[in-house]
Amino acid sequence: MRNVFIFNPGPSVLPEPVLESTSKAVLNFAGTGMSIMEVSHRSKQFDALLIETVDLLKKVMEIPDNYKILFLQGGASLQFAMIPINLLAAGKVADYVDTGYFATRAIKEAKLIGKVNVAASTKDLSYTRLPAPAELKLTKDAAYCHITSNNTIYGTQWQTFPDTGDVPLVADMSSDIMSRKIDVSKFGIIYAGAQKNMGPAGVTAVIIREDLVGRAPENTPTMLNYKPHVENNSCYNTCPVTAIFVVHEVLKWLADMGGVAEMEKVNNAKAKLIYDILDSSTFYKGSVEKGSRSKMNIPFKLPTEELDNEFVSAASKKGFIGLKGHRAVGGIRASMYNALPLEGVQKLADFMKEFEKSKS
Ligand SMILES: *Cc1c(COP(=O)(O)O)cnc(C)c1O
């Protein structure tokens, strides 16, 4: 049992049973006598694990059969480029919704490749809310529409996704994948760096509808084209073996505890503990409009910057790690991903109440 609660924004907390099974596999993977770090990505033991990882992800996210699942490297940030490279053909426009730091990075990459329409931006509101559906100026025949389902730094999260009709909806779900039930069939591509809700840094999941594979121009470098990755089941080159192993363990843990539906209940309970404090206190102030609030990342501020800093250092002495807000927002940010137990959030809520009392 560990004596810290990890509120890090990413890489972030992993379930303890996953750390235990991984530590065993580091010494001896699947009875091979080899470490997971030593086995071949083409060994039959790893091949079986990879197939099972894909199946588990399909099961927990209820992914329809007409989607392919890839485990790639380069982070979510490489997907910012791969998506337009594969889907933004000459003469077409891609719609992007600008909801914060990572959305703007995705827009920057797409603009290097082709034509971009920023369908809406909440930049002038310091990204404290998401645009309402009616505010989106979507392009009729867009190549795709890109959103960021959860804005890790600003603490906003789409509650209902925009309806883009026949235009494929592409979502960066790095910081809320598998945290709540979603209808995958509404999306063309879902991608996520694993290091928030799925596993360690070093692997990125891409869930791509079949008809969107094979659209890259002929001169696309092989590693930037989805098609060879699909044809080779993520093993066109050496895949991130150890990181995929950990993702497998996280998926097993999630499935064992009742899947995404159960996880969503716990996440709702965790978020309520903190938002109830923000809503009933004049000492703590949330920065996000209620309708856009994230259940994964909750930014808030105390009355002064000195108190923010004092809070972070007092909290870390009590074992609450990683609460300092992102430099773009300041204040505090509690990142409460799937693997952070309810107990940790309960204890943080108690600490927040005590801290407020000690200052009044
Ligand atoms: C962390 C994060 C990223 C960046 O992911 P990398 O894997 O570091 O490239 C992108 N988008 C969102 C929403 C994130 O939270």
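Starting from 1, each residue takes its place in the sequence as its number. For ligands, and for the atoms within them, numbers begin at 1 and follow the listed sequence. Remember, predicted model here, so these are calculated numbers, not experimental data. Side chains are part of it too, since the values below use all heavy atoms of this structure and drop only hydrogens, waters and symmetry mates.
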*Any atoms of ligand 1 less than 4.0 Å from a non-hydrogen atom of G75? List them with their elements.*
7 (O), 9 (O)

_Sequence-distant partners of T104, side-chain contact (heavy atoms from CB on, under 4.5 Å), two or more places apart_ = D98, Y127

*Contact (N/O only, under 3.5 Å) between F80 and ligand 1*: no

*Do any N/O atoms on D172 end up under 3.5 angstrom from N/O atoms on ligand 1?*
yes

*asked:* Once you restrict to heavy atoms under 4.0 Å, what part of N150 touches ligand 1? Side chain, backbone, both or neither.
replied: backbone

*Any idea which atoms of ligand 1 are less than 4.0 Å away from a heavy-atom of T148?*
13 (C)

*When the ring planes of F187 and F161 are compared, do they come out parallel, tilted or perpendicular, using 30° and 60° as the limits?*
perpendicular

*NZ/NE/NH1/NH2 to OD/OE distance under 4.0 Å, K186 and D183*: yes

*Using a strict 4.0 Å threshold on nitrogen-to-oxygen distance, state whether E310 and K359 make a salt bridge.*
yes

*Protein residue, atom and distance nearest to atom 5 (O) of ligand 1, heavy-atom basis*: A76 CB, 3.5 Å

*With only distance considered, is K196 within less than 3.5 Å of ligand 1 through an N or O on each side?*
yes

*Side chain, backbone, both or neither: M173 near ligand 1, heavy atoms under 4.0 Å*: neither

*asked:* Can you tell whether the side chains of E135 and R129 come within less than 4.0 Å, N to carboxylate O?
replied: yes

*Identify the protein heavy atom lying closest to atom 9 (O) of ligand 1, giving its residue, its atom name and the separation to 0.1 Å.*
S77 OG, 2.6 Å

*asked:* Does anything in residues 70-114 form a ring pair (Phe, Tyr, Trp, His ring centres under 6.0 Å)? List the pairs, not counting sequence neighbours.
replied: Y96-Y144, Y96-H146, Y101-H326

*asked:* For R293, is there an ion pair with D279 - N to carboxylate O distance below 4.0 angstrom?
replied: yes

*Looking at atom 8 (O) of ligand 1, what's its closest protein heavy atom, distance included?*
Q195 NE2, 3.4 Å

*Is there a side-chain contact between K58 and Y67 (heavy atoms, below 4.5 Å)?*
no

*How far is atom 15 (O) of ligand 1 from its nearest protein heavy atom, and which residue and atom is that?*
T152 OG1, 2.4 Å

*Starting from atom 4 (C) of ligand 1, find the nearest protein heavy-atom neighbour and note its residue, name and distance.*
F102 CE2, 3.5 Å

